[in-house]
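Have a look at the structure below, then the notes.
All values reported here derive from a predicted model rather than from experimental measurement. Order of the sequence lines fixes the chain letters, A, B, ..., with proteins taken first and strands second; residue numbering starts at 1 for each chain.
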There are 2 protein chains.
Amino acid sequence: MISLQGVSKAYKLGDTIVPVLRGVSLEIAPGQFIAITGPSGSGKSTLMNILGLLESYDSGSYRFWGHDVSTMTDDQLAGLRNQRIGFVFQLFNLIPRLNALRNVEIPLMYAGVGTAERRHRAQIALQLVGLGERMDHTASQLSGGQQQRVAIARALVTDPEIIIADEPTGSLDSQTSHDIMALLQTLNQSGKTVILVTHEDEIAAYASRIIYLRDGEIRLDHQSTT
Amino acid sequence: MISLQGVSKAYKLGDTIVPVLRGVSLEIAPGQFIAITGPSGSGKSTLMNILGLLESYDSGSYRFWGHDVSTMTDDQLAGLRNQRIGFVFQLFNLIPRLNALRNVEIPLMYAGVGTAERRHRAQIALQLVGLGERMDHTASQLSGGQQQRVAIARALVTDPEIIIADEPTGSLDSQTSHDIMALLQTLNQSGKTVILVTHEDEIAAYASRIIYLRDGEIRLDHQSTT
Ligand SMILES: Nc1ncnc2c1ncn2[C@@H]1O[C@H](COP(=O)(O)OP(=O)(O)OP(=O)(O)O)[C@@H](O)[C@H]1O
Ligand SMILES: Nc1ncnc2c1ncn2[C@@H]1O[C@H](COP(=O)(O)OP(=O)(O)OP(=O)(O)O)[C@@H](O)[C@H]1O
Ligand SMILES: [Mg+2]
Ligand SMILES: [Mg+2]
């Protein structure tokens, strides 16, 4: 389903080149539950952004269901992102002045879903993450952990086949974190692919495959067989 | 040093009143190391903002070194914040287009520190949090954990007597988290008061006093005597 071969990426900063990913290769089959871990600055978010079709790469190849992503137009990429991928950003990326409900409705607007269905699905998604009582709060009227949960609800509302979550429990207390992980586990058991970045061993333990990234390279890629 | 008596706060949202803190009382002596923990949405950040003189409260009293905070002018509050308190925000609040060095220099500019000394102190603060190689990156050219560390460096650069840190390790891997906690521990041992919000038991374990907040009330306030 997802095939990365020797993907490299560097940022240019004035005269300096900052290498960030150095020849990353990995294959992801449908229905896998993968945790990506590694030190701060090792390239995890950059890798997630490339997987989520949000950022380009400099060399190597990325094939998505056999199609070379570098040959796709911006519209094709936007369509794929909207229909196939739910992305939870590390820093949430909510629209501050819109309320939680509106923020979660946005991907459904993009997908052309009608008003009544859109509202209903957004309400369900917010209830699933425990925010039924906060739907009318704007993003700036929510706590850190509540904003994170709006970002999760927004990623799930289109019922995507692939969920990419960059640190989805970083701002959550342990009870709420476990509720969110139980939700992701249920979605994974129903067939969805879940790829999550985490710093916490307890959260990584929900996955059946662990990838350890360091200095832009995969140093460990372990699929448990139990 | 800090004395809160029956402090309450509510937000007004259209016709609804959202109570957030309900009669919070606590005394903080100089040199304490306090961890504040509790569920998402329980009022921790609101409490930190009030302690840090960033937000007002509706009823009760807050005395800072014996002075009633509600009688202070905005200028007096701003002066106190700049000179006595270093605040690490849960969502960092960096200036995206300024580089790390400039972001860290800002409190020193406000304090009237000269250019050469300001630059030197900002560089030291960034080195202390492991970002010596990233000083020229803008906030948007940094990873989540790097941005968090810039926010920490900025809070420490004025050498404040009170450090208030809202989830300072939320975006950090465990090695980097322990480096940051060791730094806060050293600062505490040199006499600084450290008040930190955390969801992680391992991080709370560095403190000698734990306060548990739930639904806007202190449910536990425990000072260990070892
Ligand atoms: N400007 C606001 N208007 C209305 N309600 C608000 C506002 N800011 C915060 N709240 C509400 O106040 C409550 C407490 O928020 P606060 O940010 O203090 O929680 P917290 O304990 O820091 O949570 P977290 O662990 O998720 O960061 C939340 O339920 C939140 O929805
Ligand atoms: N736009 C950019 N320009 C230059 N360097 C960048 C840019 N974005 C990221 N970087 C650098 O790339 C490296 C990897 O960043 P990335 O955000 O992928 O790390 P990460 O593993 O997600 O870290 P964290 O755990 O702290 O979130 C970092 O060292 C960062 O400074
Ligand atoms: Mg990251
Ligand atoms: Mg908070």
Can you establish whether the number of heavy atoms outside [X] located under 6.0 Å from its atom [atom1] is more than 12?
| X | atom1 | value |
| --- | --- | --- |
| B:Gln127 | CD | yes |
| A:Arg119 | CZ | no |
| A:Glu55 | CD | yes |
| A:Asp201 | CG | no |
| A:Arg102 | CZ | no |
| A:Arg209 | CZ | yes |

Open item on the list: Does any part of the side chain of A:Val18, heavy atoms only, come nearer than 4.5 Å to the side chain of B:Arg134, both counted from C-beta?
Closed with: yes

Task: Top of A:Leu172, A:Thr176, A:Leu91 for chain B proximity - count of heavy-atom pairs under 4.5 angstrom - done: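 Of the options given, most contacts go to A:Leu172.
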
Task: Best-contacting candidate, B:Gly144, B:Ser45, B:Ser42, against chain A by heavy atom pairs under 4.5 angstrom - done: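 Looking at each option in turn, the highest pair count goes to B:Gly144.
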
Just how far is it from atom [atom1] of [X] to atom [atom2] of [Y], taken to the nearest 0.5 Å?
| X | Y | atom1 | atom2 | value |
| --- | --- | --- | --- | --- |
| A:Ser171 | B:His199 | OG | NE2 | 7.5 Å |
| A:Thr16 | B:His137 | OG1 | NE2 | 7.0 Å |
| A:Ser40 | B:Leu142 | OG | CG | 9.5 Å |

Check: residues 20-27 of chain B side-chain donor-acceptor pairs under 3.5 Å, at least two apart:
unit_1, atom_1, unit_2, atom_2, d
B:Arg22, NE, B:Asp215, O, 2.9
B:Ser25, OG, B:Gly6, N, 2.8
B:Glu27, OE1, B:Ser3, OG, 3.4
B:Glu27, OE2, B:Ser3, OG, 3.0
B:Glu27, OE2, B:Gln5, NE2, 2.9

Task: B:Ser143 versus chain A, the contacting section by heavy-atom distance below 4.5 Å - done: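 The side chain, not the backbone.
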
Open item on the list: Is it the case that the side chain of A:Asp173 and the backbone of B:Gly38 share a donor-acceptor pair, with hydrogens and angles ignored and the cut-off at 3.5 Å?
Closed with: no

Open item on the list: Quick check on the structure: residues of residues 145-153 of chain A within a heavy-atom distance below 4.5 Å of chain B, by number.
Closed with: A:Gly145, A:Gln146, A:Gln147, A:Arg149

